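First up is the structure itself, then whatever we jot down about it.
Along the sequence shown, residues carry numbers from 1. Here the structure is a predicted model, which means the values were calculated and not measured.
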Amino acid sequence: NEVGGVIVICVPPIFIDPMDIAKAIVDVKAIFDEKKKPMIACFMSGDVVAESIKFLKENKIPVFQTPERAARAMQKLVLRKKIIERLQSS
């Protein structure tokens with residue numbers, strides 16, 4: 001309950017297929033969906049990860065090109081959740 005969400009930041013090393021990393025992220029997302037916690041990905045390396053980014057988006061995982069953008073998006077998602085919880089409890 002102390003975690004508001006997760007940002008996965010990835011700069012795939014050349015010896016690991018970026019799609020394998022994307023598939024692992026999608027597998028873990030189910031856990032966060034159950035707990036109603038957001039998961040955001042930041043995949044850097046441009047064209048090398050294009051297919052992986054498409055796969056993540058198809059699986060409803062927002063993907064950002066920089067950690068700063070991912071952090072801003074997460075901040076807004078967590079704030080939105082707090083506002084909704086506050087409204088529901090009033």
Side-chain angles (χ1 to χ4, degrees):
N1 284 334
E2 294 180 21
V3 175
V6 170
I7 300 173
V8 180
I9 300 175
C10 181
V11 181
I14 58 171
F15 54 88
I16 297 177
D17 182 355
M19 185 57 78
D20 290 340
I21 297 169
K23 288 177 182 176
I25 292 169
V26 169
D27 290 344
V28 172
K29 182 181 183 291
I31 297 167
F32 287 90
D33 286 348
E34 287 175 19
K35 297 178 184 272
K36 299 186 180 189
K37 306 277 184 172
M39 177 182 271
I40 291 175
C42 173
F43 259 54
M44 299 182 282
S45 295
D47 292 338
V48 174
V49 295
E51 185 180 333
S52 302
I53 289 172
K54 181 181 176 192
F55 178 76
L56 290 169
K57 288 180 178 180
E58 287 170 350
N59 284 278
K60 300 185 180 353
I61 298 175
V63 183
F64 296 88
Q65 293 180 347
T66 66
E68 294 83 7
R69 288 183 181 175
R72 271 187 244 124
M74 181 60 74
Q75 177 187 26
K76 297 204 185 302
L77 286 172
V78 171
L79 179 61
R80 178 182 180 275
K81 183 178 180 185
K82 287 180 181 179
I83 290 169
I84 289 170
E85 287 172 349
R86 203 173 305 137
L87 291 172
Q88 289 175 343
S89 67
S90 348

Nearest heavy-atom contact between F43 and S52 is CE2-CB, 3.8 Å
Check: Mind checking whether K29 and I61 have side chains closer than 4.5 Å, heavy atoms only?
Finding: yes
Only one of K81, M74, R80, Q75 passes side-chain contact (heavy atoms from CB on, under 4.5 Å) with V78, and that residue is M74
According to a hydrophobic-cluster definition based on side-chain heavy atoms being under 4.5 Å apart (Ile, Leu, Val, Met, Phe, Trp, Tyr only), do I9 and I14 belong together? no
One should read off an interatomic distance between L56 CG and C42 SG, to the nearest 0.5 angstrom, of 11.0 Å
Treat each ILVMFWY residue as a node, draw an edge where side-chain heavy atoms are under 4.5 Å apart, and state whether V11 and V49 are in one component. no
**Prompt:** Are any side-chain N or O atoms of K37 and backbone N or O atoms of V3, one a donor and one an acceptor, separated by less than 3.5 Å?
**Reply:** yes
ask   = Linking I/L/V/M/F/W/Y whenever any side-chain heavy atoms sit under 4.5 Å apart, do V8 and F64 land together?
value = no
Q.
Any side-chain to backbone donor/acceptor pair from D17 onto M19? Under 3.5 Å, distance only.
A. yes
Taken to the nearest 0.5 Å, the spacing of R69 CZ from I40 CD1 works out to 13.0 Å
CE (M44) and CD1 (I53) are apart, to the nearest 0.5 Å, by 10.5 Å
Partner of M39 under side-chain contact (heavy atoms from CB on, under 4.5 Å), picked from V26, I25, I7, L77, is I25
